[in-house]
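Encoded as structure tokens, here's the structure I'll be asking about.
To find a chain, count down the sequence lines: A is the first, B the second, and so on, and within it residues start at 1. Keep in mind the model is a prediction, meaning the values are calculated, not measured.
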Protein chains: 2
Amino acid sequence: MPESYRQEVRDLALFADMDQGHFETLMRGSYVQNFPPRIDLITEGDTPDFLHVVMSGSVDLFSSWNGRETSLATVRPVSTFILAATIKDAPYLMSARTLEKSRIILLPSEDVRNVFEKDGAFARAIVTELSQCYRAVVKNTKDLKLRTSLERLANYLLRQRWRTGSDAFDLTMEKRRLASFLGMTPENLSRAFKGLEPYGVRVHGNHIKITDTEDLARFAKPTPLIDDHST
Amino acid sequence: MPESYRQEVRDLALFADMDQGHFETLMRGSYVQNFPPRIDLITEGDTPDFLHVVMSGSVDLFSSWNGRETSLATVRPVSTFILAATIKDAPYLMSARTLEKSRIILLPSEDVRNVFEKDGAFARAIVTELSQCYRAVVKNTKDLKLRTSLERLANYLLRQRWRTGSDAFDLTMEKRRLASFLGMTPENLSRAFKGLEPYGVRVHGNHIKITDTEDLARFAKPTPLIDDHST
DNA sequence: TCCTTCGCTTGATAAATGTCAAGTCGCCGA
DNA sequence: TCGGCGACTTGACATTTATCAAGCGAAGGA
């Protein structure tokens, strides 16, 4: 087994405090794999084989029903996905595909469950991770149910501004995926960008410039209870 | 401290396997309280004082933003709420109010966190509970983003049919709250019920009768990946 | 360089959903 | 028994959002 990624995994909050022997057990069955862009990693409804850890690149979590599809989240390094399904040994609720070239570590689900049963520190780390995920989804639900698409876009842009620390930034995903993530069509997103021009939003391709943050915020009315993704 | 509710709590999956001494610690600071209907229990944005356990009655979890309000979930006996906020010691993302007369046990958040840090079995039980909650919210998000309001109502009715095991049942909440829960206005819900008549849905007050399940299911296209709330 | 492809935009239109106002109905207390 | 309140319904209308079709324009391959 290559040593190259052992330390990267060990440094993750999820694995940092666990027993060394248990960690070895996990690593023994694990492997790392490089995927090209647009490769399907998992399909919703399947049973978890591996816990996935994204080391580089990015992964789209999405779901389909009745011919429709929606993007639910983007996983960026370094974090895991499908943790809940792995622990419960329940079917995936979302599908996953790489967005770009990605390096992903695979930990056999059964090993993860076995170690989880024995290792209290690991269980506590999982609680922390799951709490974070749970709260993120709740915030997303509030965003969807309480705001119009224009308001969702405005707040999304303010979050990006906060994340990058700059009034000018590039969108981190295609507009079509952003539209899906925000729960609207690409056409509607295009018009929503236009609709935010009066509030000081300039768009050139995927480059965004916010010329009047105060004005945009007055419209968007951001709140940490929806828009602060760190707590 | 009254012994009356000790065993009820101990029997909950969340507390069943934990160390006896730790359980005593939790119970020492706890108390039970009876609330009338429509009483506010917690307000979003506040910091968790107590983990709440609903022993009887029911509690509405909701959220407000910019003068709008939406119902996110109903908590029924016996289960807890605001577990994630308690563990993370982060602000509540939802408000809670009793829907009916309710008996609720309150466990000081700090005690919960202290025991969580020491007790692996408790941590594992929390993981199980949080996984369940997380997956429930993801399913709800898929319901919201992939379905129209008519489809959401149709699938809701099929879930109720499944839950009660009968083609005829009463709605468990006011229509206005059901509308809010399903992400629509009361007016729209009223029309949606009408829109499902051709598929064999009869409504009299809050009594529902499904005369042609096959037909309704053909329209609703339920899937366990959204509608099975047990996994 | 030219051509194709694909994502994006735009316009016209349709469908879904929300808003406002007025009514109906049933329940509960005086 | 009689109001009166509140939830629900209904109709008319406005707004939001989706759909369909056409066109634009940048990126990449022949």
Side-chain angles (χ1 to χ4, degrees), chain A residues 36-38 60 64-71 97 99-101 143-157 170-198 201-208 219-220, chain B residues 36-38 60 64-71 99-101 143-157 170-199 201-208 219-220:
Chain A
R38 300 177 180 276
D60 183 31
S64 305
W65 178 81
N66 195 28
R68 300 165 212 167
E69 182 179 310
T70 190
S71 185
R97 72 165 76 96
L99 288 167
E100 47 192 318
K101 190 168 171 300
D143 194 43
L144 280 169
K145 291 184 79 175
L146 290 168
R147 290 170 170 165
T148 67
S149 60
L150 199 59
E151 290 165 343
R152 291 200 294 279
L153 176 60
N155 280 290
Y156 176 84
L157 294 178
D170 289 334
L171 295 174
T172 58
M173 54 179 124
E174 298 182 280
K175 286 181 180 173
R176 53 166 46 243
R177 279 199 60 247
L178 177 58
S180 178
F181 177 71
L182 294 176
M184 57 177 118
T185 57
E187 295 95 326
N188 194 10
L189 176 64
S190 199
R191 287 166 182 132
F193 273 122
K194 279 235 165 2
L196 290 181
E197 266 177 21
V201 175
R202 299 283 171 76
V203 185
H204 293 93
N206 67 346
H207 187 77
I208 307 293
F219 170 75
Chain B
R38 300 178 179 276
D60 183 31
S64 305
W65 178 80
N66 195 26
R68 300 165 211 168
E69 180 179 311
T70 190
S71 184
L99 289 167
E100 46 193 319
K101 190 168 171 298
D143 195 43
L144 280 169
K145 291 184 77 174
L146 291 168
R147 290 170 170 165
T148 66
S149 61
L150 199 60
E151 290 164 343
R152 290 200 294 278
L153 176 60
N155 280 290
Y156 176 85
L157 294 177
D170 288 334
L171 296 175
T172 58
M173 55 178 123
E174 297 182 282
K175 286 182 180 172
R176 52 169 43 246
R177 277 198 62 246
L178 177 58
S180 179
F181 177 70
L182 294 176
M184 57 178 119
T185 58
E187 294 96 327
N188 194 10
L189 176 65
S190 199
R191 288 165 182 132
F193 272 123
K194 279 237 166 357
L196 290 180
E197 266 177 21
Y199 300 101
V201 175
R202 298 285 172 73
V203 185
H204 294 92
N206 67 346
H207 187 76
I208 308 291
F219 170 75

Whole angstrom is fine here: how far is it from CD in B:Glu151 over to P in C:dA15?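 B:Glu151 atom CD is separated from C:dA15 atom P by 15 Å.
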
Polar atom pairs (N or O), protein with nucleotides 20-22 of chain C, under 3.5 Å:
residue, atom, partner, partner atom, Å
C:dC20, N4, B:Glu187, OE2, 3.1

B:Arg68 CZ - C:dG18 P separation (whole Å):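 Nearest whole value for this atom pair: 11 Å.
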
Nearest-0.5 Å distance that lies between atom CD in B:Glu174 and atom CG in B:Asn206: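 Reported to 0.5 Å precision, the distance equals 10.0 Å.
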
Applying ring-ring contact (aromatic ring centres under 6.0 Å, His included), can you list everything that pairs with A:Phe219, at least two apart in sequence or on another chain?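 For A:Phe219, the residues satisfying ring-ring contact (aromatic ring centres under 6.0 Å, His included) (neighbours in sequence not counted) are A:Tyr199.
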
Interatomic distance, A:Arg38 CZ vs C:dC6 P [rounded to whole Å]: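 For the pair A:Arg38 CZ and C:dC6 P, the rounded distance is 10 Å.
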
In chain order, what residues pass the salt bridge (charged side-chain N to carboxylate O under 4.0 Å, His left out) check against B:Arg68, with sequence neighbours excluded?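 For B:Arg68 the salt bridge (charged side-chain N to carboxylate O under 4.0 Å, His left out) partners, ignoring immediate neighbours, are A:Glu151.
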
For the pair B:Asn155 (side chain) and B:Ala220 (backbone), establish whether a donor and an acceptor sit closer than 3.5 Å, ignoring hydrogens and angles.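 Judged by distance alone, yes, a pair lies under 3.5 Å.
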
Interatomic distance where CG belongs to B:Leu189 and P belongs to C:dG18 [whole Å]: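 Those two atoms, CG and P, are 11 Å apart.
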
To the nearest 10°, give me the bend of the helix from C:dT1-D:dA30 to C:dA30-D:dT1, comparing the axes of its five terminal pairs at either end.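 One end axis against the other gives 30°.
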
Atom pair distance, as rounded to whole Å: CG in B:Leu144 and C1' in C:dA16: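 That distance rounds to 15 Å.
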
Who pairs with B:Glu100 by salt bridge (charged side-chain N to carboxylate O under 4.0 Å, His left out), at least two apart in sequence or on another chain?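 So B:Glu100 forms no salt bridge (charged side-chain N to carboxylate O under 4.0 Å, His left out) with any residue.
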
What distance separates B:Leu182 CG from B:Lys175 NZ, expressed to the nearest 0.5 Å?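 That separation rounds to 12.5 Å.
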
Quick one: list whatever passes side-chain hydrogen bond (donor to acceptor under 3.5 Å, both in side chains) with B:Ser64, sequence neighbours left out.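 With sequence neighbours excluded, B:Ser64 shows a side-chain hydrogen bond (donor to acceptor under 3.5 Å, both in side chains) to no residue whatsoever.
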
Just jot down the salt bridge (charged side-chain N to carboxylate O under 4.0 Å, His left out) partners of A:Arg97, sequence neighbours excluded, or say none.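 If we apply the salt bridge (charged side-chain N to carboxylate O under 4.0 Å, His left out) test to A:Arg97, skipping adjacent residues, the hits are A:Asp40, A:Asp60, A:Glu69.
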
Residue list, side chain to side chain contact (heavy atoms under 4.5 Å, CB included) with A:Glu187, at least two apart or on another chain: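 For A:Glu187 the side chain to side chain contact (heavy atoms under 4.5 Å, CB included) partners, ignoring immediate neighbours, are A:Thr185, A:Arg191.
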
Could you list the residues that satisfy salt bridge (charged side-chain N to carboxylate O under 4.0 Å, His left out) with A:Arg147, not counting sequence neighbours?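 Residues passing salt bridge (charged side-chain N to carboxylate O under 4.0 Å, His left out) with A:Arg147: A:Asp143, A:Asp227.
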
Check DNA chain D against residues 171-185 of chain A and give the residues with a non-hydrogen atom under 4.0 Å, in numerical order.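 When residues 171-185 of chain A is checked for heavy atoms under 4.0 Å from DNA chain D, the hits, listed by number, are A:Gly183, A:Met184, A:Thr185.
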
First and last nucleotide of DNA chain D touching chain B, 5' to 3', heavy-atom cut-off 4.0 Å?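 Contact span on the strand: D:dA7 to D:dA12.
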
side-chain contact (heavy atoms from CB on, under 4.5 Å) between A:Leu157 and A:Phe193, intermediate numbers included: CA-CA 10 Å; A:Leu157 294 178; A:Phe193 273 122; 4.1 Å; yes

Please report the interatomic distance CZ(B:Arg152) to OH(B:Tyr156), rounded to the nearest 0.5 Å.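 Answer rounded to 0.5 Å: 13.5 Å.
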
Test of understanding: with side chain to side chain contact (heavy atoms under 4.5 Å, CB included), list the residues that count as partners of A:Thr70, not counting sequence neighbours.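 Once residues adjacent in sequence are excluded, the partners of A:Thr70 under the side chain to side chain contact (heavy atoms under 4.5 Å, CB included) criterion are A:Leu72, A:Ser180, B:Lys145, B:Leu146.
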
